[in-house]
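Report on one structure; see the data block that follows.
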Amino acid sequence: MREYKRQYILREHETLEGVELASASAEMLRREFSYALTLRPSVRGGWELKAGSHIGRIELKDASIRIQPKLPADIVWEWLARAYDIRSLRFYQDRSGFTEKPGDLEWLVKLFIAECRDIVRRGLCRGYVSRTEKLGGVRGQLAVPETLRLWSKQEYRFGCTYDEHTERVPENGAIYDALYDMERRSYHDASIRREIKELMRLFVAGRESEEQRGRPRSARERLVEVERIPITRLNRHYADALSLLRLYWRAAGLSMHAGHVYCESFVLDMNELFERYIARLLSEELRPHGIKVRIQTRHWLGEGGRLVVIPDILLQDTIGREIVLDTKYTERARGYAEHPHVYQMLAYMTARRADTGILLYASGPECVDRIRNTGQTIYRWSLGLDVPLAVSEHEQHTKRIIARILRLFY
């Protein structure tokens, strides 16, 4: 008999009262998901659950929590496709199920499976690795320094170095690790797990031995490994699969803690997604005009490398003129509440000696602030997402923002 779970649905920044959770599940939420949800006892009994700016699904042993986006799902979809440079997302929207259940990662796994099949069809990457073994029957070059070191210790064993052509390259290892993680998840479509197991058998040559793997790596460590894989002529057909992996390791979580408390999740940080979307959009649109887009670069406001500041985006033209841009996935505040954003931008502009800054909000009214006793100007612009817009209208509005940026340079 299937175990019953309570279903809780709320939107970004919404509060839900009367949530019933076992103590182990409440502890799991507090320990693992405090960045996405605030949990505290409710005056009406049970728990009060408050969502932040994350969307997705958290699957606990006794409850399922789904956080829906405040924006239309098709706009979130477009942001994902652009932010992670996943071309295939643009073609599978209607069939993926994302728009109905943004928190389910089944659509992502299906797309990844399709990319893996394409990789197998076109051929797995292979590369050469250098190994040092006992001489035995292996043909190769004598490892002289190692051999002399052993002789000096009266260990008369020969060492041999040789090149081996293998499929154990970073690309295949990253895919196998992801398939191994995906295989442990639950899916509505029972065929998904079978397809994953079949692909694991094909990519298993890319897996390191248990001794080489060492302790289990976190999602963050795996993400770093994927980010370090360069795309070249030889592995170009891996590009889409690796883009999907970047999204997977950023958003997916699976854990089993003491007491057999199981938790499966797929949670997207909308602040981070908005920033990545704007950065990718600007990179694509401004590059033809000779404007470089630098993302999350470190600068120093204080002397001696003190007071580090990290603006979201730095725009720079061919003669060195700069505009600092900071994204805010929120509605522009009013009154004193908006001052911290302006002060933050002033710090960025001072560190870069820039005269122009842009605070780009998701919604809210716009204005221009000319700073007294300086030649500095801060533009507070908005994408107008508080007004219902179709994706095409949203794209036209963002293009108008880009045209404004170009006018500031020229």
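This one's a predicted model, so the numbers in the text were calculated from it and none came from an experiment.
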Take L325 and T327 through the side-chain contact (heavy atoms from CB on, under 4.5 Å) test and state the conclusion after the steps.
CA-CA 7 Å; L325 189 147; T327 60; 3.8 Å; yes
side-chain contact (heavy atoms from CB on, under 4.5 Å), that's the test. Do R82 and E284 meet it? Break it down for me.
CA-CA 10 Å; R82 177 88 66 168; E284 294 175 359; 2.4 Å; yes
Verify ring pair (Phe, Tyr, Trp, His ring centres under 6.0 Å) between H341 and Y361, making sure each step is shown before the conclusion.
CA-CA 11 Å; H341 292 171; Y361 293 89; 5.7 Å; yes
Given side-chain contact (heavy atoms from CB on, under 4.5 Å), test E59 with K5 step by step and report yes or no.
CA-CA 9 Å; E59 200 74 26; K5 284 188 178 183; 3.0 Å; yes
Intermediate values then yes/no, side-chain contact (heavy atoms from CB on, under 4.5 Å), L223 and R220
CA-CA 5 Å; L223 175 61; R220 183 178 296 275; 5.6 Å; no
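Proximity of a side-chain donor or acceptor of D312 to a complementary backbone N or O of K328 within less than 3.5 Å is not detected. Between the D177 side chain and the A174 main chain, no donor and acceptor come within less than 3.5 Å of each other. Side-chain N or O atoms of H237 include one that pairs as donor or acceptor with a backbone N or O of G123 at under 3.5 Å. Between the S265 side chain and the V267 main chain, no donor and acceptor come within less than 3.5 Å of each other. A side-chain donor-acceptor contact under 3.5 Å links R321 to the backbone of F409. The main-chain N or O of D189 is found under 3.5 Å from a side-chain atom of E106 such that the two form a donor-acceptor pair. A distance-only check finds no donor-acceptor pair linking the side chain of Y238 to the backbone of N172 [under 3.5 Å].
Rounded to the nearest 0.5 Å, atoms CD1 (I358) and CD1 (I401) are 8.0 Å apart. Separation of atoms CG (L202) and CD1 (I175) is listed at 11.0 Å; rounding is to 0.5 Å. Taking CD1 of I291 as the reference point, atom CG of L286 lies at 5.0 Å (rounded to 0.5 Å). Put simply, CD1 on I278 and CD1 on I313 are 7.0 Å apart, with the number rounded to the nearest 0.5 Å. Rounding to the nearest 0.5 Å gives a distance of 10.5 Å between OH of Y84 and CG of L108.
Look at K70 and E331 and you find no salt bridge, because none of the NZ, NE, NH1 or NH2 atoms lies under 4.0 Å from a carboxylate O. Ion pairing between a basic and an acidic side chain is recognised when a charged N comes within 4.0 Å of a carboxylate O; E48 and K50 show no such pairing.
Nearest heavy-atom pair, R236 versus I231, reported as atom, atom and distance to 0.1 Å: NH1-CG2, 3.3 Å. When all heavy atoms of H397 and G384 are compared, the closest pair comes out as NE2-N, 4.0 Å.
Here the two rings, on Y410 and H289, have centers that are 6.0 Å apart or farther.
Classified by interplanar angle (parallel below 30°, tilted 30° to 60°, perpendicular above 60°), the ring pair F33/Y35 is tilted.
The side-chain heavy atoms of L314 and H299, taken from C-beta on, include a pair separated by under 4.5 Å. Counting heavy atoms from C-beta outward, L273 and I55 have side chains that stay 4.5 Å or more apart. No side-chain heavy atom of V19 sits less than 4.5 Å from a side-chain heavy atom of I65. Under the 4.5 Å side-chain criterion, counting only non-hydrogen atoms from C-beta, I405 is in contact with W381. L408 has its side chain out of reach of L315: every pair of non-hydrogen atoms, C-beta onward, lies at least 4.5 Å apart. In this structure, the side chains of Y187 and M182 come closer than 4.5 Å at one or more pairs of heavy atoms.
Partner of W79 under the side chain to side chain contact (heavy atoms under 4.5 Å, CB included) criterion, out of R276, H394, R280: H394 alone. Checking each of V169, T232, I119 against C125 for a side chain to side chain contact (heavy atoms under 4.5 Å, CB included) leaves exactly one that passes, namely V169. Tested against E366, the residues R380, R404, R400 include a single salt bridge (charged side-chain N to carboxylate O under 4.0 Å, His left out) partner, R404.
Inspection of the S53 and N271 side chains reveals an N or O donor paired with an N or O acceptor under 3.5 Å. When only modelled atom types and interatomic distance are considered, S243 and D240 share no side-chain donor-acceptor pair under 3.5 Å.
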